[in-house]
Student: 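Here it is, the structure in full.
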Protein chains: 2
Amino acid sequence: MSKITIQQIAKLAGVNKATVSRVLNKSASISEKTRLKIETIMKENNYIPNSIARGLAFNKTFTVGFCFDYTDKQAFSNPFFYKVLQGVEEVIYDNDYLFLMMSDHDKKNEKSTFERIVTEHRVDGIIMPNSLLNEMNYNLLISHNMPFVVIGENILVKEGIRWVDVDNTHAAQILTEKLISLGHRNIVIFAEAAAIQRDKFIVDRLEGYKKAIQQHGMIPRIIDGQDQLNDQLLPDAVICCSHEQLFEILEWERDNPDLAEIGLATFDDSPMFRHMRHPVHFVEIDLEMMGKQSAELLFKLINNEVNVPESIRIPTILIN
Amino acid sequence: MSKITIQQIAKLAGVNKATVSRVLNKSASISEKTRLKIETIMKENNYIPNSIARGLAFNKTFTVGFCFDYTDKQAFSNPFFYKVLQGVEEVIYDNDYLFLMMSDHDKKNEKSTFERIVTEHRVDGIIMPNSLLNEMNYNLLISHNMPFVVIGENILVKEGIRWVDVDNTHAAQILTEKLISLGHRNIVIFAEAAAIQRDKFIVDRLEGYKKAIQQHGMIPRIIDGQDQLNDQLLPDAVICCSHEQLFEILEWERDNPDLAEIGLATFDDSPMFRHMRHPVHFVEIDLEMMGKQSAELLFKLINNEVNVPESIRIPTILIN
DNA sequence: TTGAAAGCGCTAACAC
DNA sequence: GTGTTAGCGCTTTCAA
């Protein structure tokens, strides 16, 4: 029953509630004596300030929103998602903030949760994937003066977008070199045209791949469908840009036993990899760090710090 | 700039803000004419009521907390976790509520996020896994009059705990029978003593397994370590109570090629299963439904409905 | 049916 | 240093 208010504490202490408020907010001008007295009384009575009321007075929510891409039904099962989330979470809790999950899926005839949270000012800032930053959401955020940070390099050509991303180019380069060092000499990369159009990170990974291949005097080759994996030109290794792609290749392998000998590689580890029929090579990307950095960037914006960086690029780390 | 307040709307409409408040809350006593006028003005000015202020007046947050077990570092990667979450989310958004993620990990010298959220009344209700409902958290919730629903059958002997769980006994029975119908005749179940002590769902699964085995005139056998998988008594199928256990068995298989022929089975599908070296049988449990039901139960509590069920048991569904 | 005014619990000018 | 007072934006008696 923490129904006790600042007013009652004030009465018990024989002071004005403003004085109590001052000790709550560690205001300077307060005598040691009354501060101690008030603190004691607060302890004794288990006083907890009402955060809603504080929010109303401060015009703040002490909450940030974390937005996930619901169009990807697998979002939750994606390691990408939860690793980033863990990083975000840590920073948010350290700052004594809470975090609200938000999705952007439409509700029949109603506002999406995203829109609702922004228009109602239910959070002080938002972390969202670049896939969700379309023009409409951008305008919404800007017109409501809502600070936000994008996860994944931003591609929308607009002002004032901060983003955090990993170094995909470098990661692909490392991964390709790893395959080369393992003796592979005919390495292709799997990337569908549509995905290249859509996702900047795939373009970057292609670039890193090409770089490494050409440095070793080989010729890069991009495939975007099963038909290109025919026996005349059978590669000895395939790099997959996502786990979904990896699964596709594994499906193909079923119908085509020739593929069984091919080396497979992708980005990000998964606990399942070690139990697959087919061994999978990978390079680790520091997703948790990406989450941390986004949250830290967001707090800089929320606190109106100066010289907030436009973007942060996380270096690739090589894990054995 | 949705900085417009109820007061300004009132002024524009030439009425008192109380009148505007009445149309906001669909109060009965209002003339059709003024209601229409006010509604028009609200539309024109894109008026959004301030939810913080509403919260203060209503003494509500319109938010529920979803608590996950952070001690399990894999919580996020666990299919259990996100499937339940999806169900929860759907119901919460349909009720125009938002949801806050909360963890229960300690912060040095400070309150845990869980405690903070409860004591500060940052949510109107909480959904949490049974593993987190210890005596301390229970007392906290009760003393703060915070409605909550437990996911997984409750085992704490206390008053007023509502829980939602799947029918683990039946699920295990179905799974066992599936293996029998596939021709297996020496099926064991893998469950460590410690886990049996800790998790009620394992006890239930053991029971369902025994039931099916005995109905077919066979003898149930529980193993709780690799050493029990020796060649004299090599089973022809192993049921794993969790995906973690499944991975353990797969690890053992590496060192012991004899195990390669054993049938493997577990609960809940995973997209990875179809790509494993070793085929995995499974029975699907409706985790999303568990999430939905928990959320619905919680709303009944929040809205002070009468005759709220003590607990809900979700039947097992058989997916091909 | 509507308005006036008090209040939700807290903060922040401004006085003293 | 501390009290007074006026908000923050909304709801809700109580009168009119």
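Side-chain atoms are counted along with the backbone in the values below, which use heavy atoms only and exclude waters and symmetry mates. Here is how names work: the chains are called A, B, and so on, in the same order as the sequence lines, proteins then strands, and each is numbered from 1.
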Student: Looking only at the side chain of A/Arg54 (C-beta and beyond, no hydrogens), which of the listed nucleotides D/dT2, D/dC8, C/dT11 gets closest?
Tutor: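 My answer, after comparing the listed nucleotides, is C/dT11.
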
Student: State whether the side chain of B/Asn16 and the backbone N or O of B/Ala18 hold a donor-acceptor pair below 3.5 Å, judged by distance alone.
Tutor: yes

Student: From C-beta outward on A/Arg22, which listed nucleotide comes closest to its side chain: D/dG9, C/dA4, D/dG3?
Tutor: D/dG3

Student: Without decimals, in angstroms, what is the distance between A/Lys11 NZ and D/dG3 C1'?
Tutor: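 Taking NZ of A/Lys11 and C1' of D/dG3, I get 16 Å after rounding.
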
Student: Among D/dT11, C/dG3, C/dA12, which nucleotide sits nearest the side chain of B/Val15?
Tutor: C/dG3

Student: Could you state the CD1-P distance from A/Ile38 to C/dC10, rounded to the nearest angstrom?
Tutor: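 So the CD1-P distance, A/Ile38 to C/dC10, works out to 13 Å.
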
Student: Side-chain N or O of B/Ser21 less than 4.0 angstrom from OP1 or OP2 on D/dT11?
Tutor: yes

Student: Check whether any side-chain N or O of A/Arg162 sits under 3.5 Å from a backbone N or O of A/Val308 as a donor-acceptor pair, and report yes or no.
Tutor: yes

Student: Can you tell me the distance, in whole Å, between the CG atom of B/Asn59 and the P atom of D/dT12?
Tutor: 12 Å

Student: Does OP1 or OP2 of C/dG3 have a side-chain N or O of B/Thr19 closer than 4.0 Å?
Tutor: yes

Student: Check B/Val118, B/Asn137, B/Val64 against B/Ile126 for a side chain to side chain contact (heavy atoms under 4.5 Å, CB included) and give me the one that passes.
Tutor: B/Val118

Student: What integer distance in Å separates B/Ile30:CD1 from D/dT11:P?
Tutor: 12 Å

Student: Measure from the side-chain N and O atoms of A/Asn130 to the backbone N and O of A/Glu153, and report whether any donor-acceptor pair falls under 3.5 Å.
Tutor: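 Here the side-chain-to-backbone pair exists.
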
Student: Which nucleotide, C/dG3, C/dG9, D/dT11, lies nearest any side-chain atom of A/Ile6?
Tutor: C/dG9

Student: In whole angstrom, give the distance that lies between atom NE2 of A/His121 and atom P of D/dC10.
Tutor: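 So the NE2-P distance, A/His121 to D/dC10, works out to 13 Å.
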
Student: Using a cut-off of less than 4.0 Å, is there contact between a side-chain N or O of B/Asn16 and OP1 or OP2 of C/dA4?
Tutor: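 It does, given that an N or O in the side chain of B/Asn16 lies less than 4.0 Å from OP1 or OP2 of C/dA4.
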
Student: Would you mind telling me which residue lines up with the more 5' stretch of DNA chain C, B/Gly14 or B/Ala57, judged by nearest nucleotide?
Tutor: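 Here B/Gly14 is the residue nearer the 5' end.
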
Student: How do A/Ala18 and B/Lys17 order along DNA chain C: which one's closest nucleotide is nearer the 5' end?
Tutor: B/Lys17

Student: Please lay out, stage by stage, how A/Glu39 and A/Arg35 fare under the test salt bridge (charged side-chain N to carboxylate O under 4.0 Å, His left out).
Tutor: CA-CA 6 Å; A/Glu39 278 175 348; A/Arg35 211 202 64 221; 3.4 Å; yes

Student: Considering only C/dT1, D/dG1, D/dC10, which nucleotide approaches the side chain of B/Ala53 most closely?
Tutor: D/dC10

Student: Counting only side-chain N and O atoms of A/Ser31, is one of them less than 4.0 Å from OP1 or OP2 of D/dT2?
Tutor: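 Checking D/dT2 against A/Ser31, a side-chain N or O does come within under 4.0 Å of OP1 or OP2.
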
Student: Just by distance, do the side chain of B/Tyr93 and the backbone of A/Ser112 share a donor-acceptor pair under 3.5 Å?
Tutor: no

Student: Could you state the atom-to-atom distance from CE of B/Met42 to C1' of D/dC10 in whole Å?
Tutor: 13 Å

Student: Reckon A/Asn50 has a side-chain N or O less than 4.0 Å from the OP1 or OP2 of C/dC8?
Tutor: no

Student: Rounding to an integer number of Å, can you tell me how far A/Phe58 CZ sits from D/dG9 P?
Tutor: 15 Å

Student: Below 4.0 angstrom from OP1 or OP2 of C/dG9, is there any side-chain N or O of A/Tyr47?
Tutor: no

Student: May I ask you to verify if any side-chain N or O of B/Thr5 is less than 4.0 angstrom from the OP1 or OP2 atom of D/dC8?
Tutor: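 Indeed not, no polar side-chain atom of B/Thr5 lies that close.
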
Student: In whole angstrom, give the distance that lies between atom CD of B/Gln7 and atom P of D/dG9.
Tutor: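 Computing the B/Gln7:CD to D/dG9:P distance gives 10 Å.
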
